[in-house]
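Take a look at the structure set out below.
When a ligand or atom number is given, it counts from 1 through the structure's own listing order. Being a predicted model, the structure only gives us computed values, none of them experimental.
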Amino acid sequence: MLSLRPHHTTFPRTSPWLRWGRHAGAAAPHCLSAAAPALALETAAGPGSVSFPILVNGCTGNMGLSVAEAAVLRGLHLVPVSFSSREKVKKTIQVGQTDIRIYGPSAREDVLSSVADEFPDVIVVDYTAPDSVNSNAELYCKIGLPFVMGTTGGNQQLLYKSVQDSKNYALISPQMGKQVVAFVALMRIFAEQFPGSFSGYHLEVLESHQASKKDTSGTAKDVIACFEKLGVPYDMNRMVKIRDPEQQLEMVGVPEEHIEGHAFHLYHLTSADDSVSFEFQHNVCGRSIYAEGTIDAAIFLHRKVQSKDSKRIYNMEDVLREGYMR
Ligand SMILES: NC(=O)C1=CN([C@@H]2O[C@H](COP(=O)(O)OP(=O)(O)OC[C@H]3O[C@@H](n4cnc5c(N)ncnc54)[C@H](OP(=O)(O)O)[C@@H]3O)[C@@H](O)[C@H]2O)C=CC1
Ligand SMILES: O=C(O)C1=N[C@H](C(=O)O)C[C@H](O)C1
């Protein structure tokens with residue numbers, strides 16, 4: 001059975017990708033082709049450690065909740081509000097000692113304006129859904145709330161334009177896992193140093209995520225852009241996106257306990273005459289790598305805002321370059 005487990009150590013006689021393609025590729029599913037907020041804050045900051053208010057949008061979801069929990073553990077003040085795409089949501093979510101009240105879309109602007117007044121040094125973190133990236137970002141920019149955008153998708157060009165035009169501060173990255181960010185940076189440098197060096201090669205890309213993931217991997221798109229600079233054209237429609245839990249267990253080798261939260265990526269390059277092949281993988285189980293990276297990103301952005309840095313838009317590579325790699 002094909003296994004792409006992260007700790008896979010034996011060198012396969014044929015590449016996992018080829019075996020996968022032969023047995024599974026054809027069957028792979030083409031899943032994608034208002035009221036003022038309560039102000040009680042929680043902090044566990046020790047003496048000397050940095051602390052500031054953080055508002056996590058998307059706390060009803062997996063990443064939002066993980067980031068809120070990580071924020072409390074890192075001693076940040078969790079602002080007790082978050083939002084939902086649903087109007088009729090009457091809900092609070094408990095994170096540590098804090099009850100986070102969930103508001104519907106129509107309350108967003110009033111609640112966020114109150115937050116901006118009450119917590120002038122707040123950093124917003126967004127882990128919502130691809131179709132809310134642009135409207136959320138526009139609102140943060142309108143109110144002047146610095147934000148970390150972890151949500152993937154949306155119109156990325158428009159996202160950058162909204163921040164540029166408003167002169168707001170933002171850190172935007174489809175990948176917050178610092179070691180994965182370092183890998184993508186390496187691929188970018190590789191492509192810049194040796195453009196066209198893989199001309200004539202053929203690329204196959206596979207990504208597997210939990211069934212609830214709505215979009216194509218934003219990280220895979222960034223890595224593919226590097227392969228294109230290396231001389232390998234790629235049609236995004238060819239990407240194999242696995243969202244079916246059974247296939248993930250049996251063919252991808254995702255551990256059962258991580259079917260609901262994993263991100264496995266495989267890039268396979270073959271020379272025109274099939275005599276040479278390269279393979280790159282990054283396989284993540286769970287979400288802690290992203291939650292930790294997001295808190296580092298928020299701390300980084302908070303420092304930039306406080307120091308009134310002239311640069312306003314950042315990514316995770318900026319965070320790593322300033323010493324947050326660990
Ligand atoms: N940058 C990175 O490193 C990572 C990025 N991601 C990205 O983060 C995003 C979220 O992922 P994940 O947490 O797994 O997804 P989930 O589906 O688990 O959670 C998303 C949550 O967003 C809420 N939501 C949807 N629309 C809105 C809106 N307009 N305003 C406020 N809340 C909204 C939904 O709640 P409701 O139904 O109540 O509206 C839902 O609970 C995805 O784009 C994913 O690709 C994920 C992991 C790492
Ligand atoms: O939705 C996810 O889970 C993930 N999304 C990000 C992406 O689309 O690149 C990062 C990681 O793959 C997990």
### Short N or O distance, Arg287 and ligand 1, threshold 3.5 Å exclusive
no

### Summary
Within 4.0 Å of some non-hydrogen atom of Thr152, the atoms of ligand 2 are 6 (C), 7 (C), 8 (O)

### Message
Which residue and atom name correspond to the protein heavy atom nearest atom 12 (P) of ligand 1, and how close is it?
### Response
Met63 N, 4.0 Å

### Task
Using distance alone, determine whether Thr152 and ligand 1 share an N or O pair under 3.5 Å.
yes

### Task
Please say whether Lys213 places an N or O atom under 3.5 Å from an N or O atom belonging to ligand 2.
yes

### Task
Could you establish whether Pro174 and ligand 1 come within less than 4.0 Å of each other, counting only heavy atoms on the residue side?
yes

### ligand 1 atoms in contact with Phe83 (distance to a heavy atom under 4.0 Å)
31 (C), 32 (N)

### Query
Got an N/O contact under 3.5 Å between Asp215 and ligand 2?
no

### Task
Consider ligand 1: state whether an atom of it lies below 4.0 angstrom from any non-hydrogen atom of Lys213.
yes

### Message
Measuring from non-hydrogen atoms of Ser173 to any atom of ligand 1, is the shortest distance under 4.0 Å?
### Response
yes

### Task
Ignoring angles and geometry beyond distance, decide whether Gly177 reaches within less than 3.5 Å of ligand 1 through its nitrogen or oxygen atoms.
no

### Task
Compute the shortest N/O to N/O distance between Tyr290 and ligand 1 and return yes if it is under 3.5 Å, no if not.
no

### Query
Which atoms from ligand 1 have a heavy atom of Ala129 less than 4.0 Å away?
25 (C), 26 (N)

### Task
Specify whether Phe280 and Phe278 have parallel, tilted or perpendicular ring planes, treating 30° as the upper limit for parallel and 60° as the lower limit for perpendicular.
parallel

### Task
Return yes or no for this condition: an N or O of Gly150 is under 3.5 Å from an N or O of ligand 1.
yes

### Heavy-atom nearest option to atom 10 (C) of ligand 2, drawn from Pro174, Gly61, Gly150
Pro174

